[in-house]
Every structure is written in structure tokens, then in C-alpha cells.
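Take a look at the structure below.
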Amino acid sequence: MKVEELFLRCWLCRGFSSNSGRHLLAYLQKHTVVDFQQLPHICQIVPRYQALFMEDFYQVPWQKYCQYHFITFNSPLYPQWLFEVYDAPPLLFYQGNIHLLAQPSVAIVGAR
């Protein structure tokens, strides 16, 4: 399984957070094989969510999300400035030209 697909599957699971994504990335940088049964420990999922995480990992239809463009922490296209955010998303879905994220930009966030 590709790293991106693994991140996607984990991201769709209850209990997976940006902190979990960082732990998974650190693990993948040192290991080439992942035992899926050890994922809750690798990702340091909170104990009360570990069973839910594993249930989702095997039952959530993650393949339908593969049709969308996305990048993960380990992608060279992932915006480096996002790593400065406290809770940076481990996975970003996008449309359009991903290379525009490297350009200076302005964002307005609000409910209305």
C-alpha cells in the first residue's frame, strides 16, 4: 500500500488526529513495513478510540476518496508554513493548481 493511501485510510478513522499523523510519518521514515494491527500504537491513538479506529480502518470505504486530489505530510508539495500551525492537517484535499500554494497569498476565513 502506498503511503498516501495509508494516510487517507487513517485520516478517515475516528481517533486519528494531526498528532497521530506526525507519529505515523515518523514511523514511516524509519520503517518500510507496517503491521496494520499495530497502527493504533504507531499513531498513538487514545486508548478509548483504538477499537473504533481499527473498526473504521477496515470498514470505511476509503477507495471512493482516491478519486480526489490530495497531499499528505510527506509530500514535497505540502505547504511548509502549515507545519507552523498547532493542529496542521495530515492530509489536504485540493482542486486546481497545487503549485499555487507556494506563491504569496491572502486568505479570509469567516462564517459569512
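Note that the structure is predicted; figures quoted are calculated from it, not measured. Just so you know, these numbers use all the heavy atoms, side chains as well, and skip hydrogens, waters and symmetry mates.
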Which atom of P40 lies closest to which atom of Q50, heavy atoms considered: CB-CG, 3.8 Å

Contact check, side chains of Y65 and E5, non-hydrogen atoms, under 4.5 Å: no

Residue pair F93 / L8, side-chain heavy-atom distance below 4.5 Å: yes

Y68 atom OH: more than 12 heavy-atom contacts under 6.0 Å: no

Pairwise distance OH(Y78) to CD1(I98) - rounded to 0.5 angstrom: 10.5 Å

Over all atoms of both residues, closest heavy-atom pair of W62 and C66: CZ3-SG, 3.6 Å

Distance-minimising heavy-atom pair for P90 and F16: CG-CE2, 3.8 Å

Gap separating the NE2 atom of H31 from the CG atom of L28, nearest 0.5 angstrom: 9.5 Å

Approximate separation, where rounding is to 0.5 Å, of L39 CG and I45 CD1: 8.5 Å

L82 vs L101 side-chain heavy atoms within contact, under 4.5 Å: no

Exercise: identify the closest heavy-atom pair between D35 and I42: O-CD1, 4.4 Å

Heavy-atom neighbours of H69 NE2 exceed 12 at 6.0 Å: no

Rounded distance [0.5 Å steps], CZ in R9 versus CD in Q63: 7.0 Å

Enclosure of Y27 OH (heavy-atom neighbours >12, cutoff 6.0 Å): yes

Reported CG-to-CZ distance for the pair L77 and F70, which is rounded to 0.5 angstrom: 13.0 Å

Pair T72, S75: side-chain N/O donor-acceptor within cut-off below 3.5 Å: no

Where Y86 and R22 come nearest, the two heavy atoms and their spacing: O-NH2, 4.2 Å

Flag side-chain contact, heavy atom, 4.5 Å: I71 against P79: yes

Spacing of CZ belonging to F7 relative to CG belonging to L12, to within rounding of 0.5 Å: 13.0 Å

F57 and F53 aromatic ring geometry - parallel, tilted or perpendicular at 30°/60° bounds: parallel

Shortest non-hydrogen separation from S18 to A88 and the atoms involved: CB-O, 2.7 Å

